[in-house]
Amino acid sequence: MSESAPAADADVIVVGAGPAGSTTAFYLAQAGFDVLLLEKTRFPREKVCGDGLTPRAVKELIAMGVDVDAPGWVRNKGLRVVGGGLRFELPWPELSSFPDFGLVRTRLDFDEILAANSERGGATVLQGVNVTGPILDERSGHVTGVTARKDGEQVTYRSRLVVAADGNSTRMSLAMGLHRRDDRPLGVAVRTYYASPRHDDDWLESWLELWDTDDDGNSRLLPGYGWVFPVGDGTSNVGLGLLNTSEAFQNLDYRDLLRRWVKNMPAEWGFSEENMTGPIRGAALPMAFNRQPHYSRGMVLVGDAGGMINPFNGEGIAYAMETGRIAADTIVTALSSITSAQRERVLRAYPKTLKDAYGGYFTLGRLFVEAIGKPGVMGFITRHALPHPTLMRFALKLLANLTDRQGDASDRIINALSKVTPPA
């Protein structure tokens, strides 16, 4: 007779307590499952991010009962766009599906707030647990738990299912042979904080023109954008994001580019070296489902681990939380199934659920970033699209993925385009 399987420490282990992992853990715990949420660092901890939250993200926070009216949350009215010598403000659209405001909250405590929320919802959160890899069943090859290091010692945790929410580097996915797809766009974001009188601005500010000068003194417009986001604590989050669809991508010093860019800002804004409150940090932005499949042999991918970032605007937090919720719904159904075959069939449908939700839209985003990576295209858009407010309001809805299912003409156009475009 074969030995019985080791007792499970939890129904589900979630690796990584970022927005995707904490959201997944929250909904699973709310459904009555034993959930173990493992975070390699200890809170508070920094993450490279613009810290801006669109109405998509705000909707997910409210749905989980996070008090977005508590101190520390900074509201904004919409997006201020700067480019082509123009500067104008685009309010967040009034929609039945989403709130009409955005938020700013630094990742220094944003992730901690979500992890604490999942703990209040019933999940067990363990900090300082660095997951090193999956435990595989010898016969089926399915993930049955994880190995980790905690307080310098090797430990193991067993479960019925594992969720990989361990970000772009996603050690779990790599151990399972799920590598990044080279045919998907990849972005890089760099940011820092400056003590600035602009810390209490009512708008997220996006600069659509990032200029760089080559060795011959020629200026070129890069595929990406810069931002100035108010943090409300005396500082502004200032950064830029660029895409690998440009030939210049590999040869740029992004930190130096950020320094050169802010030198062109008005001196009274305070974006100078002496007002910098922290170092310039950078991170990769995995976009448009750049790691697939999103389910494999007992492991579910959510958030950045599955490349869930919107290629149009580099937004990741909203999609991390949304895919965490979608994954939890799938897992609840799967673990409630009577047989293992039924459970597996439900889990294998998860990638299609994601493609139905985002696939066409992400494909549109891929086409968009490929286009703006070509010389002259970004300049053409800046010169000819920005002067038209109606077109820019349409662009805001498209880039931020903010539409109603039965909305106005612009909503119907965007929804139709996403539906007829082949899924990513």
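Note that the coordinates shown come from a computational prediction; the quantities given were computed from them, not determined experimentally.
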Where the side chain of [X] meets the backbone of [Y], is there a donor-acceptor pair that is under 3.5 Å apart?
X: Asp166; Y: Arg171; value: yes
X: Thr124; Y: Leu36; value: no
X: Thr323; Y: Ala320; value: yes
X: Tyr225; Y: Asn313; value: yes
X: Asn290; Y: Arg181; value: no
X: Ser118; Y: Ala115; value: yes
X: Gln127; Y: Phe43; value: yes
X: Arg198; Y: Val228; value: no
X: Arg366; Y: Ala288; value: no
X: Asp11; Y: Asp34; value: yes

In terms of the angle between their ring planes, are Trp207 and Trp261 parallel, tilted or perpendicular, with boundaries placed at 30° and 60°?
-> perpendicular
What pairs with Arg149 under salt bridge (charged side-chain N to carboxylate O under 4.0 Å, His left out), at least two apart in sequence or on another chain?
-> none
Check the pair Glu60, Thr23 against side chain to side chain donor-acceptor pair (under 3.5 Å), reporting the backbone distance first and the verdict last.
-> CA-CA 9 Å; Glu60 296 299 319; Thr23 301; over 6 Å; no
Give a yes or no on this: more than 12 heavy atoms of other residues, nucleotides or ligands lie within 6.0 Å of atom [atom1] of [X].
X: Arg348; atom1: CZ; value: no
X: Glu274; atom1: CD; value: yes
X: Glu94; atom1: CD; value: no
X: Gln154; atom1: CD; value: yes

Sequence neighbours left out, what passes side-chain hydrogen bond (donor to acceptor under 3.5 Å, both in side chains) with Ser97? Give chain and number order.
-> Asp404
Regarding Tyr193 and Asp51, is there a side-chain donor-to-acceptor distance under 3.5 Å anywhere?
-> yes
Under 3.5 Å side-chain donor-acceptor pair for Asn76 and Trp92 =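 The answer is yes; a qualifying pair exists.
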I need the minimum non-hydrogen distance between [X] and [Y], along with the two atoms involved.
X: Arg291; Y: Leu178; answer: NE-O, 2.9 Å
X: Arg56; Y: Ala318; answer: CB-CB, 3.7 Å
X: Ala29; Y: Val35; answer: N-CG2, 3.7 Å

Do Phe98 and Val58 have side chains that get closer than 4.5 Å, going by heavy atoms?
->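 No, side chains not in contact.
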Electrostatic pair Lys397:Asp408 at N-O distance under 4.0 angstrom = yes
Is a salt bridge present between Glu322 and Lys59, judged by a nitrogen-to-oxygen distance below 4.0 Å?
->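 No, Glu322 and Lys59 are not salt-bridged.
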Can you name the ring pair (Phe, Tyr, Trp, His ring centres under 6.0 Å) partners of Phe312, sequence neighbours left out?
-> Tyr361, Phe368
